[in-house]
Amino acid sequence: MDAYSAAPYLRKDLLGLRDLTGGEIVRILDVAAEMKERIDNPAKRSDELRHASIVTLFYEDSTRTKMSFMMAGEYLGAKIDDLGIQTSSVNKGESLLDTGVNLDHMGINVMVLRHRMTGAPHFLAKNVKASVINAGDGQNEHPTQALLDLFTIRERLGGFDGLKVAILGDITHSRVARSNVFALTSLGASVTLAGPSTLISGDMAGIRENVSVTSDIRAAVSDADVVMGLRVQHERRSAAAFPDLREYTAFFGITEEVMRCAKAGALVMHPGPMNRGVELSAEVIDSEQSVIYIQAKNGVAVRMALLKILTDTQ
Ligand code: CP
């Protein structure tokens with residue numbers, strides 16, 4: 001079902017998926033498939049990254065992304081530390097640039113950065129020798145999340161060519177949606193974005209071919225192979241985006257009734273953290289179609305692959 005074969009990934013960093021080729025994405029997914037068996041089987045783990053030093057820099061909160069990078073580094077035998085931004089000299093006013101350059105001089109090989117500012121990982125990458133991985137920058141991209149989403153889709157459905165993916169919810173604030181749109185369309189899938197018109201910027205339909213926008217979630221889900229819910233981002237949205245959560249759920253919540261519009265057996269996905277009962281009903285989250293917790297596990301495999309690929313090219 002895949003129209004692309006793997007091509008080498010030779011870049012210093014992983015900053016986004018907008019410019020990656022289908023072949024590069026398939027390469028990352030192929031290495032992640034090799035890595036996944038090491039999660040369940042400690043006997044297959046190795047210490048091949050024992051000479052690598054990795055640091056995570058999370059200027060915004062995280063559970064899944066940070067912990068899965070920590071686990072990924074540990075499973076490959078790397079030295080991996082979290083800087084702990086809240087207790088670091090960032091609190092004394094040290095800039096991102098000075099923080100990164102100091103860590104670079106200490107010999108860090110990979111910096112994993114989450115930052116509220118769009119472009120922060122790109123800026124850091126230009127100023128350090130270390131490889132930089134974007135763990136989410138503002139409303140721009142969250143490439144490792146989209147890669148684990150693609151890994152999960154390929155694992156379950158075999159590939160991407162001709163797939164219909166519906167992404168529902170707060171599209172405007174979603175770096176996950178943007179990275180998924182870039183990667184899925186690069187591999188031959190079509191994407192429909194749906195949510196309140198106040199939460200989808202008008203330019204999203206033109207972001208790539210094979211992307212459409214609607215505020216009718218049943219139309220978006222109709223005949224879909226994958227239904228991906230997005231979190232309502234209370235920390236980023238303005239109060240004017242919709243009247244209240246009850247109303248949001250009534251019009252845009254993914255329920256069993258909404259899922260009946262999709263293909264039989266369509267996958268239910270969500271990047272987490274979820275507002276249970278808001279963007280997805282509890283029944284849908286816990287249904288057999290849901291792969292939400294498998295996504296979290298696959299995140300470890302994808303991040304192992306990225307640490308391996310990026311340190312191999314250094
Ligand atoms: N999906 C995701 O990025 O989750 P965290 O914010 O917990 O890392």
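For this chain, numbers begin at 1 and follow the sequence in order. Just follow the structure's listing: the first ligand is 1, and inside any ligand the first atom is 1.
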Show me the pairs that pass side-chain hydrogen bond (donor to acceptor under 3.5 Å, both in side chains) and involve residues 121-132, at least two apart or across chains.
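Only Ser131-Gln314 qualify under side-chain hydrogen bond (donor to acceptor under 3.5 Å, both in side chains).
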side-chain hydrogen bond (donor to acceptor under 3.5 Å, both in side chains) pairs, two or more places apart, involving residues 296-311:
Lys36-Asn298, Asp40-Lys297, Glu48-Lys308, Ser68-Arg303, Thr144-Arg303, Thr152-Asn298, Glu155-Asn298, Lys308-Asp312
Non-neighbouring partners of Arg64 that pass side-chain hydrogen bond (donor to acceptor under 3.5 Å, both in side chains), sequence neighbours left out
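Counting only residues at least two positions away or on another chain, Arg64 forms no side-chain hydrogen bond (donor to acceptor under 3.5 Å, both in side chains).
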With the criterion set at N/O pairs under 3.5 Å, what does the list of contacts between the protein and ligand 1 look like, atom names and distances included?
| from | atom 1 | to | atom 2 | distance (Å) |
| --- | --- | --- | --- | --- |
| ligand 1 | 1 (N) | Gln145 | OE1 | 3.0 |
| ligand 1 | 1 (N) | Pro271 | O | 2.9 |
| ligand 1 | 1 (N) | Gly272 | O | 3.0 |
| ligand 1 | 3 (O) | Thr65 | OG1 | 3.0 |
| ligand 1 | 3 (O) | Arg114 | NH2 | 2.9 |
| ligand 1 | 3 (O) | His142 | NE2 | 2.8 |
| ligand 1 | 4 (O) | Arg64 | NE | 3.1 |
| ligand 1 | 6 (O) | Arg114 | NH1 | 2.9 |
| ligand 1 | 7 (O) | Thr63 | N | 2.8 |
| ligand 1 | 7 (O) | Arg64 | N | 3.0 |
| ligand 1 | 7 (O) | Arg64 | NE | 3.3 |
| ligand 1 | 7 (O) | Arg64 | NH2 | 3.0 |
| ligand 1 | 8 (O) | Ser62 | OG | 2.6 |
| ligand 1 | 8 (O) | Thr65 | N | 2.9 |
| ligand 1 | 8 (O) | Thr65 | OG1 | 2.7 |
| ligand 1 | 8 (O) | Arg114 | NH2 | 3.4 |

Donor-acceptor check, side chain of Gln295 to backbone of His270, threshold 3.5 angstrom: yes or no?
yes
Report yes or no: do Glu279 and Asn275 form a side-chain donor-acceptor pair below 3.5 Å?
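Yes - a donor-acceptor pair under 3.5 Å links their side chains.
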Nearest atoms (heavy-atom pairs only) where Met111 meets Gly100:
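Taking Met111 first and Gly100 second, the nearest heavy atoms are CE-O, 3.3 Å.
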